Enquirer: 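Could you have a look at this structure, given as structure tokens, before my questions?
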Amino acid sequence: MKPFTALLGAAAGTHAADQMALATLPLTATLVLGAGPDLLGLLVAAQSAAWLLVSLPAGTWIDRMPRRRMLIVALALGLTASLVAVAAAATGYVVLLGLAAIAGASGTVVYVLTSVSLLPSLVAPCDLSRSNARLELARAVVSLAAPFVAGLLAQHLSPTWGYVLAALGAALALVCVLALPEGTAPTTGAERPTLASAIRVGTAFVLRNELLRGISLCAIFWNFAFFALLAIWAPLALGPLGLDPAHMGLAQSTYGAGLILGALVAPVTARRLPPLATLIFGPAVSILAASLFLTAPSGNGFALAAAGYFLVGFGPMLWLICQTTVRQLVTPSPLMGRVNATVQTAIYGVRPLGALAGGFVAAQPGLHAALLMIAAAFALSTLVIVVSPLARMRVLPKSATGEAQA
């Protein structure tokens, strides 16, 4: 099996496990444990807290250890977490379910950071956009299926069956990673800086680079809004929208359809449009999606919510592929893990705050106020791009060839 093919198969299995766990958690909490919006917000925050807690040290490990070994550790952790989640749901232990969510997400964190850092060593710089699109397409396909499958399982069997499928996805990914060739650590040397010093080097590089700063700030606001939306989706769908679990999952699965179309279109837009167009369009279309969610309770709730999820998938997928390629091009190889970890911390570390804010606002002022907050955060993410140098980027930057201090 070719290395990129093995990486692609591992991506499909990993994202299948992650998306099934992501879709199963709110259904399990709501239907099995009877959780309200506030407790649901806490659980979603726990699931996403790993990006805040694990990313930065993981980035340093990725720059120090063979990346195949890091992938194996990540997938073994995800597999174990899915099995623990089944036991937690069966016994009704909310705390154990939250711990399993953190552990599973931690595995995903390490996998994503490692695979993004590994890819530039597997393909030529001119093939990065297409390869990133193929990897994201694998994630998009399972994102389309996971919410609908989780909803069907919740309605006809039990929500906990979603965690069983997540375990199978992690096992498949582990088999694919074992097919990758053994590699050496990206950096060598008798002396290594402390963990804190190594993290500071990566963070300083991001702060000095105006392109990476703009990407990080945009992502902070966007991910805050997206995870606030995830935290209130079950109460919104099962309440004001009047959807059953199956239709709730079907509406959310259009997010995956948007991701798929975005991943398919991305190679074309990369060839025909300047990067600035993609980088502005991605967050801007999310504002339109927020307006659809706002009007959904007073209209055709299913159709408007489905359209909103589609747009939230399509535009941001184009943005994600473009900004990932920019990151890989401007970052020297010895810093790849730490720089990706720093940016990913900004992208995903804010998710617990968004989930907590969404759950709190929905439980207190109400769901409409939470949706207004989500729309405002999407608007801020767009504004960040418009006022940054990313809005003037007509061509992709050249690939970094210089070595950086480890």
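Because the structure is predicted, anything quoted here is derived from the model rather than measured.
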Enquirer: Could you pull out all residues at least two apart from T324 that satisfy side-chain hydrogen bond (donor to acceptor under 3.5 Å, both in side chains)?
Expert: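 Testing T324 for side-chain hydrogen bond (donor to acceptor under 3.5 Å, both in side chains), a comparison that skips the adjacent residues, returns R327.
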Enquirer: Side chains of V339 and V330, heavy atoms from C-beta outward: is any pair under 4.5 Å?
Expert: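 No, every pair of side-chain atoms sits at 4.5 Å or beyond.
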Enquirer: Could you check whether F293 and F378 have their ring centres less than 6.0 Å apart?
Expert: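 No, ring centres 6.0 Å or more apart.
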Enquirer: Checking S381 side chain against F221 main chain: does a donor-acceptor pair fall under 3.5 Å?
Expert: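 No, the answer is negative, given that no donor and acceptor are paired below the 3.5 Å cut-off.
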Enquirer: I need the full list of side-chain hydrogen bond (donor to acceptor under 3.5 Å, both in side chains) pairs touching residues 277-288, with sequence neighbours left out, sorted by first then second residue.
Expert: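 Matches after skipping sequence neighbours: W222-S286.
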Enquirer: Of the non-hydrogen atoms in S106 and L77, which two are nearest, and what is the gap between them?
Expert: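 Residues S106 and L77, closest heavy atoms: CB-CD2, 3.8 Å.
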Enquirer: Is a side-chain donor or acceptor of T14 paired with a backbone partner of A11 at a separation under 3.5 angstrom?
Expert: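 Judged by distance alone, no pair lies under 3.5 Å.
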Enquirer: Work out which heavy atom in G308 is nearest to a heavy atom in A289; give both atom names and the distance.
Expert: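 Looking at all heavy atoms of both residues, the closest pair is O-CB, 3.4 Å.
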Enquirer: Could you tell me whether the side chain of L335 reaches within less than 4.5 Å of the side chain of V201, counting heavy atoms only?
Expert: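 Yes, their side chains come closer than 4.5 Å.
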Enquirer: Side chains of L250 and S253, heavy atoms from C-beta outward: is any pair under 4.5 Å?
Expert: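 Heavy-atom side-chain distance check passes, below 4.5 Å.
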Enquirer: Is the backbone N or O of F205 less than 3.5 Å from a side-chain atom of N209, with the two atoms forming a donor-acceptor pair by type?
Expert: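 No.
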Enquirer: Answer yes or no: is there a side-chain heavy-atom contact under 4.5 Å between M65 and V73?
Expert: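 No, every pair of side-chain atoms sits at 4.5 Å or beyond.
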Enquirer: Judged by modelled atom types alone, do S216 and R213 share a side-chain donor-acceptor pair under 3.5 Å?
Expert: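 R213 and S216 do not have a side-chain donor-acceptor pair below 3.5 Å.
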Enquirer: Report yes if the side chains of L119 and S131 come closer than 4.5 Å at any heavy-atom pair, otherwise no.
Expert: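 Side-chain contact under 4.5 Å: yes.
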Enquirer: Look up atom CD1 in I199 and atom CG in L56, then write down how far apart they are to the nearest 0.5 Å.
Expert: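 Reported to 0.5 Å precision, the distance equals 5.0 Å.
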Enquirer: Hey, is the main chain of G104 close enough, under 3.5 Å, to the side chain of T108 for a donor-acceptor pair?
Expert: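 Flag set: sc T108 to bb G104 pair under 3.5 Å.
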Enquirer: Can you list every pair that meets side-chain hydrogen bond (donor to acceptor under 3.5 Å, both in side chains) and has a residue in residues 237-246, with sequence neighbours left out?
Expert: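 Every pair satisfying side-chain hydrogen bond (donor to acceptor under 3.5 Å, both in side chains) with a residue in residues 237-246: D244-H247.
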Enquirer: Side chain of Q328, backbone of V116: donor and acceptor closer than 3.5 Å?
Expert: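 Answer holds: yes.
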Enquirer: With rounding to the nearest 0.5 Å, note down the distance linking CD1 in I62 to OG1 in T114.
Expert: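 Answer rounded to 0.5 Å: 3.5 Å.
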Enquirer: With a 4.5 Å cut-off on side-chain heavy atoms, are L396 and S129 touching?
Expert: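 S129 vs L396: side chains touch.
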Enquirer: Do you know which two heavy atoms are closest between L390 and L276, and how far apart they sit?
Expert: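 Nearest pair, atom of L390 first, then L276: O-CB, 3.5 Å.
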Enquirer: How close do C322 and P275 get, counting heavy atoms only, and between which atoms?
Expert: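 Smallest heavy-atom distance, with atoms named: SG-CB, 4.0 Å.
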Enquirer: Distance-only, no hydrogens or angles: does the D63 side chain make a donor-acceptor pair with backbone N or O of R338 under 3.5 Å?
Expert: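 Yes, D63 side chain to R338 backbone: donor-acceptor pair under 3.5 Å.
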Enquirer: Rounded to the nearest 0.5 Å, how far does CD1 of I321 lie from CD of E136?
Expert: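 E136 CD to I321 CD1: 5.5 Å, rounded to 0.5 Å.
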Enquirer: Any chance you could measure L264, atom CG, to M317, atom CE, to the nearest 0.5 Å?
Expert: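 Atom-to-atom, L264:CG and M317:CE are 9.5 Å apart.
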Enquirer: Nearest heavy-atom pair of I385 and W319: which atoms, and what distance?
Expert: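 Taking every non-hydrogen atom into account, CD1-NE1, 3.9 Å.
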Enquirer: State the CG-CG distance between L118 and L71, to the nearest 0.5 angstrom.
Expert: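 The distance works out to 6.5 Å.
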Enquirer: Hey, mind stepping through S197 and R200 against side-chain hydrogen bond (donor to acceptor under 3.5 Å, both in side chains) and telling me if it holds?
Expert: CA-CA 5 Å; S197 297; R200 282 197 296 270; 3.1 Å; yes
Enquirer: Would you compute the distance between atom CD1 of I287 and atom CG of L292 and round it to the nearest 0.5 angstrom?
Expert: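 It is 12.5 Å, given to the nearest 0.5 Å.
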Enquirer: Check F314 against G262 and note the closest heavy-atom contact, atom names and distance.
Expert: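 Shortest heavy-atom contact: CD1-N, 3.5 Å.
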